[in-house]
Asker: 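The structure follows.
Just the heavy atoms: all of them, side chains too, but no hydrogens, waters or symmetry mates, feed the values below. Just follow the structure's listing: the first ligand is 1, and inside any ligand the first atom is 1.
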Amino acid sequence: MSITRSISRLQAMPVQQIIEQYGSPLYLYDGDKMIAQYKQLNAAFGGLKLKVKYALKANNNINVLRLLLHQGSGLDAVSIQEVQLGLKAGFAPSAILFTPNSVSFEEIVEAVDLGVQVNIDNISLLEQFGHKYGNAVPCCIRINPHIVAGGTAHIQTGHIDSKFGISIHQLRHVLRIVAKENIRVNGLHMHTGSDILDSGVFIRAAELLFDAAGQFPDLEFLDFGSGFKVAYKEDDVVTDVEELGKVITERFQAFCSEYGRELELWFEPGKFLVSESGYLLVKVNVIKQTTATVFVGVDSGQNHLIRPMFYDAYHHIINLSNPQGTPRIYTVVGYICETDTFALDRKLNEVREGDILAILNAGAYGYTMSNNYNSRPRPAEVMMLEGKAHLVRRRETLEDIMRNMTDI
Ligand SMILES: *Cc1c(COP(=O)(O)O)cnc(C)c1O
């Protein structure tokens, strides 16, 4: 979806009314758009046994989880708490893949006890897993193919210094352990990074996985992680899902006939399913003219949406209250005692104190990365579904922040 399209979907919502009812700042989600994204992905891989495992670290609201569950999605969970949340949302244990990094073996055992599919990402845990379970419990192995996709250094996971996965160069060692402990490896996994722009990168990494797959006779699925890129800027190149679907379907079918069995193809999109469906609505507290710039100070900050500061991520912003205003250049900042700049030298329709701004692409890694710094409560979350607004998470209060504090 383009930024323009994302803006027009927002403008079709009764935003003013929602802000009046639920207050500001506010996370607003377009539930229908999430469903449409899920359907688009499934349609693109229609010729394969595709399983979508939504990466819930992107947005863990239980209503988002249920919406996708209803569409037939599974989950990719990276902590035992995410596994438990998925189970509470109603997912079958078998629909959940547990892909943790640097967790204790105890946490792996907990996941096995809950009946979810475990994805092992280091040799030490693989040995312990084999020692305890032999071939009684299948596992998936996370491979680092060392294929570096686009994006910034923060979100690349395939490079040589990465802590994620077992290096493809350690395959011999993996095979030794698997043979010795009689481990039933039912899946191979890779997740190369967050931005994959063309099917060529995907295929290059996939070839390594296909190669490795030949040495594991018990496979039921190959999991290609995520990397689907969505538009954050107007002219961003995004993953062409239909083109990717065509190229991968053909190659995957050829692989399966070579392998001798039709395997499932898994993907774990986070951003693709929920990023563009989310907007962070904020109110302008002050306009501050300095010698260097005009600051727009809003009633939110890095405590609610940290991506601009943490990853230097661009998030498009529009002034909902003054769509016809003369465009001017602003620096949009938060109210946190840190340099929490949402946008530098950004052209916005003239901004006045009290105006409502919308920060786009806030559906993924927005609320889930939020915090209580400066003792600020987190915003409420509202989901639009078939033209109706639903409160899906209440605004926090000071009581929430103090809940676990105890007196000496
Ligand atoms: C975060 C993550 C994803 C989702 O990545 P997106 O860029 O949000 O699509 C998928 N798989 C794993 C293992 C992850 O850690």
Asker: Can you name the atoms of ligand 1, numbered from 1 with element, that are less than 4.0 Å from a heavy atom of K57?
Answerer: 1 (C), 2 (C), 3 (C), 14 (C), 15 (O)

Asker: Are K132 and E181 ion-paired here, with the side-chain N under 4.0 Å from a carboxylate O?
Answerer: no

Asker: List every atom of ligand 1 that sits less than 4.0 Å from any heavy atom of A55, numbering the atoms from 1 in the order shown and giving each element.
Answerer: 3 (C), 4 (C), 10 (C)

Asker: Show me which atoms of ligand 1 lie under 4.0 Å from any heavy atom of T99.
Answerer: 13 (C)

Asker: Only one of R395, R394, R393 clears side-chain hydrogen bond (donor to acceptor under 3.5 Å, both in side chains) with E381; which?
Answerer: R393

Asker: Please report whether the ring centroid of Y29 lies less than 6.0 Å from that of Y279.
Answerer: no

Asker: Pull out every atom of ligand 1 sitting under 4.0 Å from any heavy atom of D76, numbered as shown with elements.
Answerer: 11 (N), 12 (C), 13 (C)

Asker: Please find out if less than 6.0 Å separates the ring center of F210 from that of Y259.
Answerer: no

Asker: Say whether H189, considering both its backbone and side-chain N or O atoms, lies within less than 3.5 Å of an N or O atom on ligand 1.
Answerer: no

Asker: Which pair of non-hydrogen atoms, one from L26 and one from V382, has the smallest distance, and what is that distance?
Answerer: CD1-CG2, 3.8 Å

Asker: Below the 3.5 angstrom mark, is there an N/O of G270, backbone or side chain, next to an N/O of ligand 1?
Answerer: yes

Asker: What atoms in ligand 1 come closer than 4.0 Å to a heavy atom of Y365?
Answerer: 1 (C), 4 (C), 5 (O), 6 (P), 8 (O)

Asker: Is ligand 1 under 4.0 Å from a heavy atom in the side chain of K271, in the backbone, in both, or in neither?
Answerer: both

Asker: Please verify the inter-ring angle class for Y232 with H315; under 30° counts as parallel, over 60° as perpendicular, anything in between as tilted.
Answerer: perpendicular

